Amino acid sequence: LCNKDRHWRVCGECVESVRRVCGECTVRRVCAECTQGVWRVYCAQGVWRVCAGCVESVRRVCGECTVRRVCGECTVRRVCGECVQGVWRVYGARALRSLPNMSVSRLARGCSRLFLLELEARAEPLCFILSCERSASTRADAEAVRRAFGSARLFSLLVDGGGRVQRARSHAELMKALHAQLPPECIFSPLTSFLPGVKDSLIRGFLLRDESTSSSTERLLSDFRQSHSVSVFSYEREQDGDGQFWWCQEMFRSPATEPESGQSQRFYVKPTTAPEHHPAMLNMINSDVFYRLEDAYQVLQECKNVIPESMAVLEIVDQQLEACKQNEGFPVIVLEGLDATGKTTLTESLQKALAATLLKSPPQCLAPYRQHFDSEPPLIRRAFYALGNYITAAQIQRESSQRPVIVDRYWHSTAAYAIATAVSGPVEKLPALGSEIYEWPSDLLRPNLVLLLTVSPQERLRRLQHRGLGQTEEETQLEVNHLFRQKVDEAYKRIQNPACVVVDASPSPDQVLQQVLHLIRIKCHL
Ligand SMILES: Nc1ncnc2c1ncn2[C@@H]1O[C@H](COP(=O)(O)OP(=O)(O)OP(=O)(O)O)[C@@H](O)[C@H]1O
Ligand SMILES: Nc1ccn([C@@H]2O[C@H](COP(=O)(O)O)[C@@H](O)[C@H]2O)c(=O)n1
């Protein structure tokens, strides 16, 4: 067991101690060798860690969730379908002693999740919490909610059921289904919910604004709830004595099939300040970017039952891989850049000029699977490209003992595209320079030099049109989405150890080659 890397292992001995806590969750005792009686708790909503002394305090809070006592070092959080807005953050045992006397609603009030609604890519998102009471709100706050919510019927959907692979796929399927099935009067925008500062707490979903009065939206929402493991909420507008509007959220109930029970809790939408960092950062490690081979490998293992191609890719990884972290042979030079900046042209001429081996990431052996993984959600797509880098690393290791190696795309591409996809909005929302997000994976072979080719957007467009090749979905997005392109470019420049050396690739191919050969001579003594 390694707490730091959040990787847990249960040995054969421990299986005896598996015991059920509730219908959904199991607690497993891990043997003393692993970690002094720490317990791993499996729940539909996540994995928690509880120390041995705490198990006594497990108690039911609602039908689906349990609150657990934890040791001083642990943080517990609780989220379930019923209580998505209820967040539990408990520090140390002392704080927990008073817990049994508190009602669920009191706790929910004290510690809310934040919700971020992104109506337009360039506009500031609306950030809100859910509160049990109408609390004082400024006119500007009330106006911000009114502008975002309007007078339409409102619903939100949060994909919070199942494991990470299922959640990622459900989110992608839900988005497709919303596009295909919602009536035209119904528009939807990305909505995320998270605990500020708490890693892996991000839940993704959508807010629906329905201008229609038809009951077909409700029918669809009931179906989505069944088929996509989502929690669905509805919002109602109230007007107070001062004429101010308030929006109230509660669990969605299909009027046709679910009679009113009067038991559902209602929460008021209350605008709040947006967090300093984009919430995607909370889930980025091991979800969008992988920093160890085994983390990416694990994702494809979890996909085996739903994506048969995963098995074939893992077999290739097993065959090709060697432990390789340090390159002690000839120099390894990576060329990076947006598509059509001239990487292929330059790598080919460098290969000749330096009598080098030319490699690519993803490597040729993964070509038959690439199209499939490109259509999967980011978690799975990124794990595929991350594994591709490790296979390329093994090839580099072999080749660099013989001659210099030129590599067309490598880790910088995988990370930069992943970060730019995960972080919505403008380039200012990217994690700051120096963030751990931009670190190089500790077990991936480091090249001696990484060159980032840059050209103006106009020149790149000209080269793209001239070339006229097929594009991946992400490359198509690059063309239509100026913001995305800016973020990829900036993320490239923020990656550290090794950082990129920026090369102006707008001159003629021969001039670029001479410029790069000069750089290689200086930096790699070739
Ligand atoms: N220095 C240059 N000046 C003018 N045109 C160039 C230059 N370098 C490459 N091109 C042309 O630009 C187009 C794109 O180049 P290339 O295929 O090398 O880019 P790339 O970065 O490898 O693209 P991708 O990442 O999509 O594979 C090609 O038609 C190529 O002939
Ligand atoms: N190491 C890599 C290489 C590529 N990608 C993704 O592929 C797309 C561009 O690849 P080309 O072969 O067309 O140059 C781009 O969408 C990257 O996301 C990657 O992630 N990692």
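Computed from heavy atoms alone, side chains included, the values below leave out hydrogens, waters and symmetry copies. Read the numbers this way: they start at 1 and go in the same order the structure lists the ligands and their atoms. The model shown is predicted, which means the values in this text are computed figures rather than measured ones. Positions are given from 1, in the same order as the sequence printed here.
- Under a 4.0 Å heavy-atom criterion, Gly388 is not in contact with ligand 2.
- With salt bridges taken as basic N to acidic carboxylate O contacts below 4.0 Å, one links Lys493 and Asp489.
- Within the 4.0 Å heavy-atom criterion, the part of Asn389 lying near ligand 2 is the side chain and not the backbone.
- In summary, of the residues considered (Val334, Leu346, Ile333), a side chain to side chain contact (heavy atoms under 4.5 Å, CB included) with Ile406 occurs for Ile333 alone.
- With Asn448 as the partner, the side chain to side chain contact (heavy atoms under 4.5 Å, CB included) test is satisfied by one option alone out of Ser400, Cys524, Pro498, Pro404: Cys524.
- Using a 4.5 Å heavy-atom threshold, the side chains of Val427 and Leu483 count as separate.
- For a threshold of 3.5 Å applied to N or O pairs, the pair formed by Tyr410 and ligand 2 contains at least one separation below that value.
- Using bins of under 30°, 30° to 60° and over 60° for the plane-to-plane angle, the ring pair Trp440/Tyr410 lands in the tilted bin.
- Taking every heavy atom of Ala340 and a limit of under 4.0 angstrom, the matching atoms of ligand 1 come to 14 (C), 19 (O), 20 (P), 21 (O), 23 (O), 24 (P), 25 (O), 26 (O).
- Proximity annotation for atom 16 (P) of ligand 1: of Leu513, Thr345, Leu338, Leu453, Thr345 comes nearest, heavy atoms only.
- For Tyr291 and Trp411, the ring centers sit closer than 6.0 Å to each other.
- At a threshold of 4.0 Å, the pair Glu459-Arg463 counts as salt-bridged, since one of the basic side-chain nitrogens sits closer than that to a carboxylate oxygen.
- Between Pro507 and ligand 1, at least one pair of N/O atoms sits closer than 3.5 Å.
- Of the candidates Tyr385, Phe373, Phe384, the one placing a heavy atom closest to atom 5 (N) of ligand 2 is Tyr385.
- Among Arg381, His412, Arg409, the residue whose heavy atom lies nearest to atom 4 (C) of ligand 2 is Arg409.
- Side-chain contact between Phe188 and Leu207 is absent, with no heavy atoms from C-beta onward closer than 4.5 Å.
- Assignment of Ser508 to the shell around ligand 1 is supported, since a heavy atom sits closer than 4.0 Å.
- Not a single heavy atom of Ser506 sits under 4.0 Å from any atom of ligand 1.
- Closest heavy-atom approach to atom 11 (P) of ligand 2 within the set Lys343, Lys360, Arg370, Glu336: this belongs to Arg370.
- Both the backbone and the side chain of Lys343 come within contact range of ligand 1, each with a heavy atom under 4.0 Å.
- In this structure, Glu124 pairs ionically with Lys429, as a charged nitrogen and a carboxylate oxygen lie closer than 4.0 Å.
- For Thr344, a nitrogen or oxygen atom sits less than 3.5 Å from a nitrogen or oxygen atom of ligand 1, counting backbone and side chain alike.
- Taking the six-membered ring for Trp and thresholds of 30 and 60 degrees, Phe206 and His171 have nearly parallel ring planes, at less than 30 degrees apart.
- Between Tyr417 and ligand 2, not a single N/O pair is under 3.5 Å apart.
- Residue contacts with ligand 1: Pro509 is placed with a nitrogen or oxygen under 3.5 Å of a nitrogen or oxygen of the ligand (distance criterion only).
- Using a 4.0 Å cut-off between charged side-chain N and carboxylate O, Arg460 and Asp339 make a salt bridge.
- Atom CD of Gln364 sits in a sparse spot, with 12 or fewer heavy atoms from other residues, nucleotides or ligands closer than 6.0 Å.
- Counting heavy atoms closer than 4.0 Å to ligand 1, residue Arg409 contributes side-chain atoms (C-beta onward) but none from N, CA, C or O.
- At least one N or O atom of Arg463, backbone or side chain, sits closer than 3.5 Å to an N or O atom of ligand 1.
- Of all atoms in ligand 1, numbered sequentially from 1 with element shown, those under 4.0 Å from a heavy atom of His466 are 29 (O).
- Which parts of ligand 2 touch Ser361 is read off a 4.0 Å heavy-atom cut-off, strictly below it: atoms 1 (N), 2 (C), 3 (C).
- Using 4.0 Å as the threshold, Arg382 has a heavy atom nearer than that to some atom of ligand 2.
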Phe290 and Leu387: CA distance, side-chain angles, deciding distance, side-chain contact (heavy atoms from CB on, under 4.5 Å) verdict: CA-CA 9 Å; Phe290 297 91; Leu387 292 174; over 6 Å; no

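- No N or O atom of Asp339 sits closer than 3.5 Å to an N or O atom of ligand 1.
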